[in-house]
Each structure stands twice: as C-alpha cells, then as structure tokens.
Protein chains: 2
Amino acid sequence: MSKVNLKKLASELGVSISTVSKALKDSYEIGQDTKKKVLEKAKELGYKANPYARYMRYQKSSTIAIVIPEMTNSFFLQVINGAESIAREKDYHLLIYITHEDAQKEIDILNHLQNGRVDGIMMSLSCTTTDYSHLHACINSNIPIVFFDRICHEIETVKIITDDFASGFAATEHLIQSGCKDIAYLSISGNLSIDNKRMQGYLEALDKHNIKQDKRRIIKCTNDDKSNYKKIKTLLTGSKKPDGIFASIEKLALTTYSVSKDLEIKIPAKLKVICFSNLATADFLNPPMTTITQPANEMGAAAASQLFKYLDKKGTEIKNENIVIKSALTVRGSTL
Amino acid sequence: MSKVNLKKLASELGVSISTVSKALKDSYEIGQDTKKKVLEKAKELGYKANPYARYMRYQKSSTIAIVIPEMTNSFFLQVINGAESIAREKDYHLLIYITHEDAQKEIDILNHLQNGRVDGIMMSLSCTTTDYSHLHACINSNIPIVFFDRICHEIETVKIITDDFASGFAATEHLIQSGCKDIAYLSISGNLSIDNKRMQGYLEALDKHNIKQDKRRIIKCTNDDKSNYKKIKTLLTGSKKPDGIFASIEKLALTTYSVSKDLEIKIPAKLKVICFSNLATADFLNPPMTTITQPANEMGAAAASQLFKYLDKKGTEIKNENIVIKSALTVRGSTL
DNA sequence: TTTATTTACGAAAACGTAGTAGTATTTATT
DNA sequence: AATAAATACTACTACGTTTTCGTAAATAAA
C-alpha cells in the first residue's frame, strides 16, 4: 500500500505535481476539467496532505502541547478536556506531557519542545520547579507559553487563573462561620503561586475574624502520599487538635479523609474539611465534601483559546495578562 | 530570535551544512577539532534538530495518538498515564483525541490521522461506533492500531483487554453470595465488546446459581446521564425492585448512587452495588463502593509497548492477539 | 495579420535534515 | 618516487508540499 502523495496522483493522471497541488487548492490557474479529474482521483486514492511536509512550507505545526504535573487530579482532566475541544475546533493537535511533579522532567520536556514540534505550549508548573530558565528558553525560541492555574510570575505572558486569594478567604471564612476556631492549612508547595495565594486568603480570613495565626497550623505537604499521611496523622493526634482543615488541593483532602477514617475521627462533628477540588464524586463521599470548584473546563478552553489567539496573528507580542475565572464554593456535608 | 538550524550553524562556523550534520552525529568523517567546534556552537546557540524535517528524511514522526471516548472515566486517565510514561521512555510523543462517545467524531479523527501525522494509534472505541471502515482505512494506510479495553474484533491487531467475562462472572457471583436474589445489569452499549462480555459473565453466574435470567433486568443505558438517571429511577421504584445492581461502567454506578441518595434507598441494606471502576475515591464513598478494578495503568503501558514493538521493526505484520491483564475485585461497603 | 491578453499548465526552488557520492589533501605503502 | 589508502571535508539530492515564475497555446483586440 504505497503512500498516496502529490507525485503519485500526478503520475496517475499524467499531469504535473504543481497542477495537482493547485487543483486541490481550487486555484484559478487550473481548468475545470482538470480540477474535476484531480479531485476525483484524490478521493479515489484517499489522498491526505502530509502534515510534516506542510510544516516545511509554512513553518507551522498546527500542534500545541499541554504540560501538566499529574493525572490523578480531576482538575487537570477537565482542563485537558476543555483544551482538546478548542483544539479540535481549530484543527489543532494536542500533545500531552506529564511532569509527575518532577522539575527535571519538566525541564526535559520543555527542552524537547524548543525544536518547533509545537507552535505553542499551555502548562501548569510542577510543584518542585524552582528555576525557570527552561521556560525562558522556550519563550526565547519564540514558542509562546500560556499558563493555567499554576503560573510562573516571572514569564510575561497570558495566565489563566482562578480567584485563589478570594476563594481561600471564602473557604476559611466558611469554616469559621461553621464554628471552627482552629483551622489548619494543608500546603502542597511553597513554590506554587496558587498555594501561596490560597494561604494568603486563609491568613487574611483568620485575621478578619480575630483568630491568631499559628505557623504550626500550616502543614507543608509534599508529593509523597505516605509522608503526607504521616504529617496529617501527627496533626490530628496532637494534644491540641485543629477543628477544621483547609486543603489546598484535592489529594490532601482525600488523605485527610483517609486519616480520619483510620483514626475514627468524625467529619464534620470533630473535624470540618474543605478543599479545592473538581471531584465528580464529592457528592457521594462520606461525608459529602465541601469544595471550592475551579472552572477547570473553562480554564482549559480559555488557555487554548488565548494561545490560538496569539498563534493566529503571529508576530504580535503576547501580552502579560491575568485572566481570572472565578471558582465556586459548594457547601456539602464535610462542613455542616 | 532567528531559528537555529544546520544552515545557521554552518555559516557561523564557516563550514558546510553536511559537516555540521555529520559532526553532530559524531561521524567518522569529521575531524576531532571540527566536531568539538560544532558541538560547542550547537550548544551555545541551543540547536535542536527540527522534528518535521527529520520526518521528511525518515518518514517517521515519533508520534503516536491515543484516542479515547471520554475524560470523565478514571480508567482512561490511568491509561493515558501509563501510555505517556512508555512514550516518554521511548522518546515518542503522544497526541490525545477525545471522541466524546460520538462515532462521527471518531471517524473524523481517524480520517485525520491517515496522513502520516502519527506512526501508530492506540484506541478504545466510542460506544456509538457501529461501522468500522474508518479503522480499516487506517490499517490500509499502514498505520497500525492497537486497541485497549473497548476493542474492535473485526480488525486483526493486538488488543489489550482485561478478563471481562470472568470479572463479570465474579462480580455477579459476589452479589449472589452477598445475598442478592434479583440482580440488574446496567449496560452502556450493546456495541461494545466489553459490555457484552461482562454481561455474558453476569448471565452465566445467574445460571450457575439457578437464578432465572430476566431481560427486563438488563437496563440499556446510554451516554446521556439524565436519561440514565430516569431509567435507573424507574428500575428502583418499580413494583418489583432488584436487590443488587451490577454496573458495567463507573458512571452508571455513580448515577445509581445518585438515584439511591435521592430516593433514600439504603446501600447496601436494600440494594447492593458493584461496578467496574478505577475511582481513587471508591474507599471514601458513602458507602465505600465494591469495585472490579482494571489494571488501567498497565493496560495503557502495554498498549503503548505493543505498538512500539511493532513500530521498532516496521514491516513485520502485526499479529492478531488478545493480551489479557486481569482485573481485581475489591470488596467494600456497597456489597456488605 | 500582427500584437496583446488570457488561459492552463509545468519547471524549479524552498523549508531543514541526513546521507551518498565526489574530491582535494595528507599519509602510508611499495 | 610512484602509487595506494586514509582523512576530512563539500556538493547535491531526496523527503512532500506550495508557490513563484516562466511559457506555450488559445483567444481577443488592433
């Protein structure tokens, strides 16, 4: 089954490659009869223009990359879903890369992407990334990056975020209004903008309600589930136990559920839990979990759209802009 | 920031393009001094070989596609995760396409992929696909397809599946042994091999335990959540209610949870529920859900590996083979 | 009839890479 | 000293597509 290309079509029809190419593009240079013959033959043999050869002409891959830190967070799934929809619509192709929260992998991936494989990148930082030179390198190679959620302030570009500070504030205030006096904050990484902002919201809410801030109530978790389990267990078995937990990300809340289950700590009676999460099953958990739901699909779609907006009119400088799409607090059983 | 290619390097160094190319490939034809100079310059300017130009030479894109029906099923996430790991390892790139269970979208996507954009495809069928000519077309264009989970029997290729029949049998038998006398099966689509096999397992288990098969106990669900909700609600409000439900896929079990919650049907007291699922939160649901967990990560990795095995030694005919990776039954609260 | 214009096509170059073939220059062999 | 062989490089081509430019033939205008 030899490949069907312009040359093949041309030789089958006894015309030149140029003629075939132009006929397929409905060029005025080609006569009606010839056009018809070419079109028919192309259909018959199932001709499809080779995308890589096209790239050679246009220097445009019609491909973008999405780089995400992990696949176990339902937020990212929805982002991919949103991004894929827009990409399909625009006839772009979407490459997926997972850093597994590993800065080195992120660097390797970004370095690989500097060779023109993609026209642009949408990404969310790994929580272990502290140096941003691989990102600058991409920008310098003229490959635009649009960030979503876990953004990099250092890079001047479009960033799709949610109202992390306000949501962190609202989440904490909700716990306070639900009767919590001693709220712990589960941080995932001091490197992440979102984590810091959510924590700022948390701290500000404490201040507003005259609850003393306590550094020991800020638990620095990591990407290691077992270590997180231990930290949360320590927190919940200490002499002075918190009565509320605000988890910065979904999996820390689930670990909290796990610890509570094992220690037989009743949620919400003894401990109220709230977290940022896009879990489809939040409603069916025991107890149903109060969440701040990020507009993940919209964020993915927005990131892709913004990227395409720039790619469509290449040459225009991408502007440094934060696009905020608000999250929503859904009160469920874990804070009642 | 003009692009760094071989030509640029050559002109900067005052040597020919061939020399640069060969030096970078550590060819014996190039002297040590020249090699060193080229390597240094390449590093300095951040030269990265253009993948599309490479494609033109080798007719190999180093890219594969994964085509999945939806993103809301945790099974597929884990498959992507497994596939991406293997792809990274092999220095392949992974394009992602979502059919949203829409046969037409699947056809469009597969048609797009016949132009050489990818070296191979791994996919799981949409549940609305009934005609397979788009798949045959890909095979005819010499683009190998490896199926996972939702396979197409018609295509002779490698298929990664789990032991659906045995698992369906085991799930049903587990319900029976937990005391169920009247078990309903929630089907997602008669088009799907997995659904049929799971149902066969269900039916055979009923036979073995002398429970009469009843067509009305096989609920044909669709991709529409609302309609599924209604069907399950009807099932659970009828004069003769089942005491067990075996959901063929995750989301039907969640809809069952939803209906049960709304109707205040106690699980597992009044209704036992089991399903195929890879939910990370199965343990924390109310009640924790008994699941048959598919080795999703392994299946994704296996599918990618098999595809690469074939791509590595192109020309060898891909053989028609079923690779079975067993699922595991995890008993939790919903069947106690 | 001669010249201008339109129509319909083909030749060739370019995109970036890599390999084949060719060629000076140096070094080794007889 | 004459020839063979090794070394170190360059020119050129192909991959598939698109487009610019060139041109022959047909038609229109003078």
Side-chain angles (χ1 to χ4, degrees), chain A residues 2-39 41-42 45-63 114-119 141-143 314, chain B residues 1-39 41-42 45-63 91 114-119 141-143 314:
Chain A
S2 77
K3 281 179 196 84
V4 183
N5 50 27
L6 292 180
K7 195 197 272 180
K8 174 93 177 255
L9 283 179
S11 79
E12 292 258 334
L13 289 161
V15 296
S16 77
I17 293 177
S18 318
T19 302
V20 177
S21 174
K22 288 172 186 169
L24 291 172
K25 292 228 142 10
D26 199 26
S27 161
Y28 67 93
E29 286 182 273
I30 305 299
Q32 290 307 316
D33 303 0
T34 312
K35 268 184 196 170
K36 203 174 156 191
K37 268 188 278 180
V38 171
L39 266 317
K41 200 62 160 180
L45 300 187
Y47 170 78
K48 302 259 162 51
N50 183 289
Y52 300 111
R54 280 180 96 109
Y55 170 89
M56 293 302 283
R57 282 290 304 179
Y58 297 124
Q59 305 288 63
K60 181 174 182 302
S61 67
S62 291
T63 304
Q114 278 170 51
N115 56 10
R117 186 177 290 276
V118 295
D119 297 335
S141 298
N142 262 322
I143 299 171
K314 195 120 190 178
Chain B
M1 202 65 52
S2 78
K3 281 178 195 86
V4 183
N5 49 29
L6 292 180
K7 194 197 274 181
K8 174 93 177 254
L9 284 178
S11 78
E12 292 257 334
L13 289 161
V15 296
S16 76
I17 292 177
S18 311
T19 302
V20 177
S21 173
K22 287 174 183 168
L24 291 172
K25 292 228 141 12
D26 200 25
S27 161
Y28 69 94
E29 287 182 89
I30 305 298
Q32 290 307 315
D33 303 359
T34 312
K35 267 185 196 170
K36 203 174 157 192
K37 269 189 276 177
V38 171
L39 266 317
K41 201 60 159 181
L45 300 188
Y47 170 77
K48 302 260 160 53
N50 183 290
Y52 300 111
R54 281 179 95 109
Y55 170 90
M56 293 300 286
R57 281 290 304 180
Y58 297 124
Q59 305 288 64
K60 180 174 183 302
S61 67
S62 291
T63 305
D91 249 311
Q114 279 170 51
N115 56 10
R117 185 178 290 277
V118 296
D119 297 335
S141 298
N142 261 322
I143 299 171
K314 194 117 189 179

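Chain naming here is simple, since letters A, B, ... match the order of the sequence lines and numbering starts at 1 in each.
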Exercise. Under 4.5 Å between any side-chain heavy atoms of B/Leu39 and B/Leu24, yes or no?
Worked result: yes
Exercise. Expressed in angstrom and rounded to an integer, what is the separation of B/Met56 atom CE from D/dT18 atom C1'?
Worked result: 11 Å
Seminar exercise, completed: Here the distance between atom P of C/dG19 and atom CD of B/Gln59, to the nearest Å, is 14 Å
Seminar exercise, completed: Between the CD atom in B/Glu29 and the OG atom in B/Ser21, the distance rounded to the nearest 0.5 Å is 10.0 Å
Seminar exercise, completed: Residues of residues 20-34 of chain B with a heavy atom under 4.0 Å from any atom of DNA chain C, listed by number, are B/Ser21, B/Lys22, B/Lys25, B/Glu29
Exercise. Going from NZ on A/Lys3 to CG on A/Leu45, what distance comes out if it is rounded to the nearest 0.5 angstrom?
Worked result: 15.0 Å
For this session: Grab the CG-C1' distance between A/Leu6 and D/dT19 for me, whole Å please.
Result: 13 Å
Exercise. Which letter, B, S or -, goes with each nucleotide of nucleotides 23-28 of chain C from 5' to 3', with contact meaning a protein heavy atom under 4.0 Å?
Worked result: ------
Exercise. Could you state the OH-P distance from B/Tyr52 to D/dA14, rounded to the nearest angstrom?
Worked result: 25 Å
Exercise. Is any side-chain heavy atom of B/Asn50 less than 4.5 Å from a side-chain heavy atom of A/Tyr55?
Worked result: yes
For this session: Measure from the side-chain heavy atoms of A/Tyr58 and tell me the nearest of D/dT18, C/dC15, D/dC15.
Result: D/dT18
Exercise. Nearest-Å distance, NZ (A/Lys8) to C1' (D/dA14)?
Worked result: 18 Å
For this session: Decide yes or no for B/Lys35 and B/Gln32: does some side-chain heavy atom of the first lie under 4.5 Å from some side-chain heavy atom of the second?
Result: yes
Seminar exercise, completed: When rounded to whole Å, the CG to C1' distance for the pair A/Leu13 and C/dC9 reads 14 Å
Problem set entry | Given D/dT18, D/dG16, C/dG19, the nucleotide with the shortest approach to the side chain of A/Ile17 | D/dT18
For this session: Using only side-chain N and O atoms of A/Lys7, determine if any of them is under 4.0 Å from OP1 or OP2 of D/dT17.
Result: no
For this session: Side chain of A/Asn5 only, please: which of C/dC15, D/dT17, D/dC15 is the nearest?
Result: D/dT17
For this session: Return yes when atom NZ of A/Lys7 has more than 12 non-hydrogen atoms of other residues, nucleotides or ligands closer than 6.0 Å, and no otherwise.
Result: no
For this session: Please determine if a side-chain N or O atom of A/Arg57 lies less than 4.0 Å away from the OP1 or OP2 oxygen of D/dG16.
Result: no
Exercise. Any donor-acceptor pair under 3.5 Å joining the side chain of B/Ser18 to the base of D/dA11?
Worked result: yes
For this session: Answer whether the closest heavy-atom distance between the side chains of B/Tyr47 and B/Val20 falls below 4.5 Å.
Result: no
Exercise. Got a sec, which residues hit side chain to side chain contact (heavy atoms under 4.5 Å, CB included) with A/Leu13, two or more places apart in sequence or on another chain?
Worked result: A/Val15, A/Lys37, A/Val38, A/Lys41
For this session: Could you tell me the separation between the CZ atom of A/Arg54 and the C1' atom of C/dG16, rounded to a whole number of Å?
Result: 18 Å
Problem set entry | Spacing of A/Lys36 atom NZ relative to C/dC9 atom C1', expressed in whole Å | 20 Å
Seminar exercise, completed: Distance col, row B/Lys8:NZ vs B/Asn5:CG, nearest 0.5 angstrom, shows 8.0 Å
